[in-house]
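Working notes, beginning with the structure itself.
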Amino acid sequence: MALFTGNYNYIKDGVALTLNRLVAFLERRGVPVLVFAPVAEQAAFQSVGELVPVPSFAIPTRKEYRIATGLPEAQRKRLEAFRPTLFHIAVPDILGYQALKLAERWNVPVVASYHTRYDTYLRFYGLGIFEKLGQRYMKNFYNRVRRVYPPSESMADIIRSTGQSQHVEVWARGVDSEMFSPKKRDMAWRRSLGVADDEVAISFAGRLVKEKNTAIYIRVMNMLNERGLKVKPLVIGDGPEMAAMKAGLKNGVFAGFLHGEELARAYASSDIFFFPSESETFGNVTLEAMASGLPAVNAVSSGSNSLVVEGETGHLVSARDELGLAAKLEALATDEDLRQRMGEAARAKALTFSWDHILSGLLDSYSQVLREAHGR
């Protein structure tokens, strides 16, 4: 299989980690994989498998991310020598589009995973005028592949209803429930950050970027503090909006970018998870927080809708209803028994997301696509 993506190892985000986990799984199953992606001077982590770098440039407004400029002759020759029987395209960018056209010319079946709602990102950077154009492009792109794999059923419904594809199968995400566990709670760590034992830590985790609705997190948390509630905003992550969050949050504490056991400790040492992002197609951070025993208050979104069970594991509220978000957080912050019940239910829900089961299902789908392509 040949995999084409916009980021495989230069930023340690949810997409890159998911794709690395997929490649590791496929190689364990004896499936050869060749990965084509942009690279940076310094990799963020050691990636899995053979990575073929492609030319790219940094996005002017988001210099930490890169855009591939295509698939030059040298990379095409490497791909041709590899003789892939399946193309998997993770990003519908220039690289992805050229891979799609090449696969059509070679008569190789193509599948695509759907990680990000790029059309909605445009509005956060003053480019909302191009949103409909982006939607038309994605409709053209995804209708040309044999399967589209969104990570949630709610995202699958959106893809079908907007006419992007009718050949949709959910490829969910898993969670390491041994690593992310309530057992990792560490009161001494909380105290070292300045969170008192009688304060309710309300965490936000992920890349600190506008499209995660960091501004809503700031306003709602400040609203709770103005009401005199003993809550502490706990921000886990880093990114371009870090300075704005530090300036805007009245009493926030910032754990910075964490991973592995340190990240697991940070989740478990929180009391409530608050994630107002609407741009998630799944929400790895929400699943990790749930596995850590946290009730989640999330904005209604295609990802969160498939994870948070309203009134059972947390709450789903429109991102436009900041008073509603604040009300749900206040109810949890002032009722320890409610937090405990919802946290236990959240942990139980997270335990149903097994990586081996999920990746085995994707491999079965690959096999079905190949059978269809060859008339078997």
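Note that this is a predicted model, so its numbers are computed, not measured. When a residue number appears, it is its place in the shown sequence, counting from 1.
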With a 4.5 Å heavy-atom cut-off, do [X] and [Y] have their side chains touching?
X      : Y      : value
Arg146 : His167 : no
Glu278 : Ser318 : no
Pro55  : Gln75  : yes
Val168 : Pro150 : yes
Arg339 : Val200 : yes
Ser306 : Met155 : no
Val209 : Thr214 : no
Pro38  : Val54  : yes

If you compare all heavy atoms of [X] against all heavy atoms of [Y], which two are closest, and at what distance to 0.1 Å?
X      : Y      : result
Ala201 : Ser269 : CB-O, 4.3 Å
Pro233 : Met221 : CG-CE, 3.7 Å
Ala103 : Val110 : CB-CG2, 3.2 Å
Phe82  : Ala2   : CE2-N, 4.3 Å

### Query
Which is it for Gln340 and Glu336 under the side-chain hydrogen bond (donor to acceptor under 3.5 Å, both in side chains) test, yes or no, and what are the steps along the way?
CA-CA 6 Å; Gln340 181 72 20; Glu336 186 175 354; over 6 Å; no
### Query
Picking from Val231, Leu229, Asp335, what satisfies side-chain contact (heavy atoms from CB on, under 4.5 Å) with Glu330?
Leu229
Check the angle between the aromatic planes of [X] and [Y] and answer parallel, tilted or perpendicular using the 30° and 60° thresholds.
X      : Y      : answer
Trp171 : His115 : perpendicular
Tyr149 : His88  : tilted
Tyr137 : Phe141 : tilted
Phe180 : Tyr267 : perpendicular

### Task
Answer yes when Lys77 and Glu73 have at least one side-chain N-carboxylate O distance shorter than 4.0 Å, and no when they do not.
yes
### Query
Do Glu288 and Arg173 sit within salt-bridge range, that is, some charged N less than 4.0 Å from a carboxylate O?
no
If you round to the nearest 0.5 Å, how far is [atom2] of [Y] from [atom1] of [X]?
X      : Y      : atom1 : atom2 : result
Asn225 : Asn251 : CG    : CG    : 4.0 Å
Gln46  : Asn20  : CD    : CG    : 9.5 Å
Met223 : Leu325 : CE    : CG    : 8.5 Å
Leu294 : Asp271 : CG    : CG    : 7.5 Å
Leu359 : Phe25  : CG    : CZ    : 5.5 Å
Ser165 : Arg144 : OG    : CZ    : 13.0 Å

Joint hydrophobic cluster, [X] plus [Y], side-chain heavy atoms closer than 4.5 Å:
X      : Y      : value
Val253 : Phe257 : no
Leu332 : Val309 : no
Phe282 : Val170 : no
Leu17  : Leu208 : no
Leu263 : Leu193 : yes

### Message
Walk me through whether Val23 and Tyr8 qualify under side-chain contact (heavy atoms from CB on, under 4.5 Å).
### Response
CA-CA 11 Å; Val23 171; Tyr8 192 67; 3.3 Å; yes
### Given Arg191, Arg190, Lys230, the one that forms salt bridge (Lys or Arg N to Asp or Glu O under 4.0 Å) with Asp198
Lys230
### Task
Please test Glu211 against Ser279 for side-chain hydrogen bond (donor to acceptor under 3.5 Å, both in side chains), starting from the C-alpha separation and ending with a verdict.
CA-CA 6 Å; Glu211 60 266 26; Ser279 62; over 6 Å; no
### Query
side-chain contact (heavy atoms from CB on, under 4.5 Å) between Met242 and Met245: does it pass, once the steps are laid out?
CA-CA 5 Å; Met242 172 68 89; Met245 294 190 80; 5.6 Å; no
### Query
Going by atom types only, do Ser154 and Asn305 share a side-chain donor-acceptor pair under 3.5 Å?
no
### Message
Just by distance, no angles: are the side chains of Asn140 and Arg136 close enough, under 3.5 Å, to form a donor-acceptor pair?
### Response
no
### Message
Show, in sequence, the C-alpha distance, side-chain angles and deciding distance for Phe36 and Val52, and conclude whether the side-chain contact (heavy atoms from CB on, under 4.5 Å) test is met.
### Response
CA-CA 5 Å; Phe36 293 82; Val52 179; 3.6 Å; yes
Are there more than 12 heavy atoms of other residues, nucleotides or ligands under 6.0 Å from atom [atom1] of [X]?
X      : atom1 : answer
Lys139 : NZ    : no
Arg83  : CZ    : no
Asp197 : CG    : yes

### Task
Among residues two or more places apart or on two chains, list those pairs meeting ring-ring contact (aromatic ring centres under 6.0 Å, His included) that have a residue in residues 209-231.
Phe204-Tyr217, Tyr217-Phe274
### Task
With salt bridge (charged side-chain N to carboxylate O under 4.0 Å, His left out) as the test, would you mind laying out the steps for Glu153 and Arg160 before giving the verdict?
CA-CA 10 Å; Glu153 192 56 54; Arg160 295 186 191 102; 3.2 Å; yes
#### Entry: Audit row: Asp13, Tyr65, side-chain contact (heavy atoms from CB on, under 4.5 Å) steps and yes/no
CA-CA 11 Å; Asp13 63 8; Tyr65 279 100; 3.2 Å; yes
